[in-house]
Amino acid sequence: QVQLVESGGGLVQAGGSLRLSCAASGRHFSSYVMGWFRQAPGKGREFVAAINGKGDSTDYADSMKGRFTISRDNAKNTVYLQMNSLKPEDTAVYYCYAKRPPYQDDYWGQGTQVTVSS
């Protein structure tokens, strides 16, 4: 079992930057694949980025590639999302995600609101 709490969301101007954090409580944090999803009003939950347990492999959605960077600090049980060159279409609630292979269960945080103005 793992509990996830996101923070760092807020208002930012287009072209600006923001850093989200996700703090995890539970055991075996370094064994979890971690990621970020987002959901805009009227839209489904969309994949943003993921990182493996060791932090040496990452994956990004095409629209985030080159703008967003996911990282983790296993000593702090925390995963980050550095968001640069933000666009109004990045406006959404951002959710932290955790999955521990080979288990099937997925875990989600409560979400943090990111609003990008033009």
Side-chain angles (χ1 to χ4, degrees):
Q1 192 77 264
V2 62
Q3 296 79 47
L4 307 172
V5 180
E6 304 95 333
S7 62
L11 293 167
V12 64
Q13 191 177 18
S17 297
L18 206 60
R19 191 191 198 199
L20 307 183
S21 298
C22 174
S25 297
R27 303 180 67 183
H28 309 298
F29 178 74
S30 65
S31 297
Y32 282 84
V33 174
M34 302 295 297
W36 293 91
F37 286 69
R38 69 186 186 185
Q39 189 165 22
K43 301 290 185 179
R45 196 164 291 190
E46 175 189 23
F47 173 75
V48 174
I51 187 167
N52 72 342
K54 300 295 184 182
D56 59 1
S57 182
T58 59
D59 190 28
Y60 300 92
D62 286 344
S63 63
M64 292 74 167
K65 189 82 172 182
R67 300 190 299 122
F68 292 4
T69 302
I70 188 170
S71 62
R72 67 192 295 160
D73 187 340
N74 287 345
K76 296 180 179 179
N77 281 22
T78 302
V79 63
Y80 305 96
L81 185 68
Q82 178 66 47
M83 309 164 69
N84 299 326
S85 302
L86 283 162
K87 306 173 182 179
E89 53 262 43
D90 295 320
T91 295
V93 177
Y94 284 71
Y95 296 92
C96 186
Y97 163 92
K99 184 175 184 177
R100 185 189 178 198
Y103 302 101
Q104 298 288 312
D105 294 341
D106 296 342
Y107 302 92
W108 297 90
Q110 294 283 96
T112 186
Q113 176 71 48
V114 172
T115 303
V116 184
S117 62
S118 60

- In Å and rounded to the nearest 0.5 Å, what is the CD to CD distance from Gln39 to Glu46? 10.0 Å

- Query: With sequence neighbours left out, what residues match Ser71 under side-chain contact (heavy atoms from CB on, under 4.5 Å)?
  - Reply: Tyr80

- Message: Closer than 3.5 angstrom, by distance alone: can the side chain of Glu6 be matched with the main-chain N or O of Gln110 as a donor-acceptor pair?
- Response: yes

- Query: Which ring-ring contact (aromatic ring centres under 6.0 Å, His included) pairs, counting each pair once, include a residue from residues 98-118, with sequence neighbours left out?
  - Reply: Phe37-Trp108, Tyr97-Trp108

- Taking all non-hydrogen atoms of both residues into account, name the closest pair between Ala14 and Ser118 and its distance. CB-CA, 4.3 Å

- Mind checking salt bridge (Lys or Arg N to Asp or Glu O under 4.0 Å) for Arg100 and listing every partner two or more places apart, or none if nothing turns up? none

- Note on the structure: Heavy-atom nearest pair, Leu20 first then Gly9, reads CD2-N, 3.6 Å

- Message: With heavy-atom distances below 4.5 Å as the criterion, would you say the side chains of Val33 and Pro101 are in contact?
- Response: yes

- Query: CH2/Trp36 to OG1/Thr112 distance, rounded to the nearest 0.5 angstrom?
  - Reply: 7.5 Å

- Query: Do you reckon Leu18 sits in the same ILVMFWY cluster as Tyr95, going by side-chain contacts under 4.5 Å, direct or chained?
  - Reply: no

- Message: Could you measure the distance from the CD atom of Gln3 to the CG atom of Asn77? Nearest 0.5 Å is fine.
- Response: 11.0 Å

- Note on the structure: Smallest heavy-atom separation, Ala92 atom then Ala40 atom, equals CB-N, 3.8 Å

- Message: Restricting to non-hydrogen atoms, name the atom on Phe68 and the atom on Leu81 that form the minimum distance, rounded to 0.1 Å.
- Response: CB-CD1, 4.1 Å

- Query: Can Tyr32 and Val79 be said to form a side chain to side chain contact (heavy atoms under 4.5 Å, CB included), step by step?
  - Reply: CA-CA 11 Å; Tyr32 282 84; Val79 63; over 6 Å; no

Enumerate donor-acceptor pairs with a distance under 3.5 Å from any side-chain N or O in residues 47-60 to protein atoms, sequence neighbours excluded.
{"residue": "Asn52", "atom": "OD1", "partner": "Gly55", "partner atom": "N", "Å": "2.9"}
{"residue": "Asn52", "atom": "OD1", "partner": "Asp56", "partner atom": "N", "Å": "3.0"}
{"residue": "Asn52", "atom": "OD1", "partner": "Ser57", "partner atom": "N", "Å": "3.1"}
{"residue": "Asn52", "atom": "ND2", "partner": "Asp56", "partner atom": "OD1", "Å": "2.7"}
{"residue": "Tyr60", "atom": "OH", "partner": "Ile70", "partner atom": "N", "Å": "3.0"}

- Item | Shortest non-hydrogen contact between Ser85 and Arg67, atoms and distance | O-NH1, 3.0 Å

- Ser63 side, atom OG; Lys87 side, atom NZ - distance, nearest 0.5 Å: 7.5 Å

- Task: Calculate, to the nearest 0.5 Å, the distance between atoms OG and CZ belonging to Ser21 and Arg72 respectively.
- Result: 13.5 Å

- Value for NZ (Lys99) from CD (Gln104), rounded to nearest 0.5 Å, stands at 6.0 Å

- Mind checking side-chain hydrogen bond (donor to acceptor under 3.5 Å, both in side chains) for Ser17 and listing every partner two or more places apart, or none if nothing turns up? Asn84

- Could you give me the CA-CA distance, side-chain angles and deciding distance for Gln113 and Thr91, then say whether side chain to side chain contact (heavy atoms under 4.5 Å, CB included) is met? CA-CA 8 Å; Gln113 176 71 48; Thr91 295; 4.0 Å; yes

- Message: Starting from Met64, can I reach Met34 by hopping between I/L/V/M/F/W/Y residues whose side chains sit under 4.5 Å apart?
- Response: yes

- Message: Show the nearest heavy-atom pair for residues Asp90 and Arg38, with the distance to one decimal.
- Response: OD1-NH1, 2.9 Å

- Determine which pairs satisfy disulfide bond (SG atoms under 2.5 Å apart) with at least one residue from residues 68-118, sequence neighbours left out, and list them in order. Cys22-Cys96

